[in-house]
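Convention: sequence-line order gives letters A, B, ...; per-chain numbering from 1.
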2 protein chains.
Amino acid sequence: MAVHVLAVLAYKEGDRVTSTLLAGSINTNPVMVRRLLLDLQRAKLVETCKGAGSGSRLSRSPGRINLAEVFRAVEDSESFATPNRKPNAACPVGNCIRETLNRIFLSAQNALERDLEKTTLATLLDMVKTSGACGQKKVS
Amino acid sequence: MAVHVLAVLAYKEGDRVTSTLLAGSINTNPVMVRRLLLDLQRAKLVETCKGAGSGSRLSRSPGRINLAEVFRAVEDSESFATPNRKPNAACPVGNCIRETLNRIFLSAQNALERDLEKTTLATLLDMVKTSGACGQKKVS
DNA sequence: ATTTTATGTAATTTCAGTTGTTACATTATT
DNA sequence: AATAATGTAACAACTGAAATTACATAAAAT
């Protein structure tokens, strides 16, 4: 979903896009988009201006943004390896396994991110564009 | 959480363990454990018998079970790359991006699994055992 | 055989986290 | 000034996971 926003931004390269327009594009409401944009701003992936006629745009060219960065920008909100289960006393494995698993998952997540690094927003957009016959309609 | 169950099973190697005991160990209820065990049975990671004095045990030695297998056994239930967002028409990127992202995430997930393959249940257990000072109490 | 112990599974409820909505202050442009 | 946009908080609605309950079934123990 974060990727989707960035893809739209990349699509209209350079232009400032309002959160309302983005929201319509990914079929949600402006507030959700703005919340997401805050993460992306923190990660220095987008620049947002307030005021009339403003909006957001990529802060770098799509070729210089890879998906691992995007993943990291939002990983807290969309994390996956969060066991979020309360540790249980009185179990010899239960006590320490959490910490050990964290280390293992961290390594696995690194592997995942290294793979995501291979794809930039620009190549993603190319893939989407050339991915054959999707019912293409003009955007509003 | 699936890993946790298997770790306990590995801990009492060979013994049959009831779902009730496992549930207490990971601090949940027996039904959750049984549902999880069904996945693990399908993946041929555990063997379960009904009847009095029965329960589950690993179907292989912990050294021959790696974490990628565990991940795959439960990935449908605990999947992470599920954008679960309805596709939205009338957006040129929105239409095709789903499918493209799926391909990319599949690759990333492969990378993740290849990393998980490096760790077996046995090494995990070793790590837990030697991971220093955790308040160890005897299990019930 | 009957009782006991355990799994398999469905139906329902409970709970938490996410998402959506509304509202409004703030800021920049026109 | 007036307008158009973001930032942000408060709250409602929704969704999905987990817990609970219940019961049928199967295997073992007696």
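Comparing Arg35(A) and Ala52(A) by the nucleotide of DNA chain C whose heavy atom lies nearest to each, the residue mapping closer to the 5' end is Arg35(A).
In this structure, Gln41(B) atom CD and dT9(C) atom P are separated by 9 Å, rounded to whole Å. Atoms CG (Asn27(A)) and P (dT18(C)) sit 20 Å apart, rounded to a whole Å. Taking atom CZ on Arg57(B) and atom C1' on dA6(C), their separation rounds to 16 Å, with Å as the unit. As rounded to whole Å, 10 Å separates atom P of dG7(D) from atom CZ of Arg42(A). The CD atom of Glu47(B) sits 13 Å away from the P atom of dG8(C) (whole-angstrom rounding). If you measure from atom CD1 of Ile26(A) to atom P of dG20(C), you get 9 Å, rounded to the nearest angstrom. Put simply, NZ on Lys50(B) is 18 Å from C1' on dA29(D), counting in whole angstrom units. Taking atom CG of Asp39(B) as the reference point, atom P of dA17(D) lies 13 Å away to the nearest angstrom.
Arg103(B) CZ: more than 12 foreign heavy atoms inside a 6.0 Å radius.
With sequence neighbours excluded, the residues forming a salt bridge (charged side-chain N to carboxylate O under 4.0 Å, His left out) with Arg60(A) are Glu69(A), listed by chain and number.
Each of dT21(C), dT9(C), dA19(D) was ranked by its minimum atom distance to the side chain of Leu38(B); first place goes to dT9(C). In this structure, of dT20(D), dG7(D), dG20(C), it is dG7(D) that holds the atom nearest to the side chain of Thr48(A). Picking from dT20(D), dG20(C), dA6(C) the nucleotide with the shortest atom distance to the side chain of Asn29(B) gives dT20(D).
Contact check for Leu106(B) versus Asn102(B): no side-chain heavy atoms found under the 4.5 Å cut-off. For the pair Leu121(A) and Asn66(A), the minimum side-chain heavy-atom distance is 4.5 Å or more. Side-chain contact between Leu36(A) and Met32(A): absent, with no pair of heavy atoms (C-beta onward) separated by less than 4.5 Å.
The residue Leu37(B) sits apart from the nucleic acid: no heavy atom pair falls under 4.0 Å.
Side-chain N/O atoms of Ser56(A) include none lying less than 4.0 angstrom from OP1 or OP2 on dT6(D). Residue Arg34(A) has a polar side-chain atom (N or O) positioned under 4.0 Å from OP1 or OP2 of dT6(D). Between Ser19(B) and the phosphate of dT7(C), there is a side-chain N or O to OP1/OP2 separation shorter than 4.0 Å. Residue Thr20(B) places no side-chain N or O under 4.0 Å from the OP1 or OP2 atom of dA6(C).
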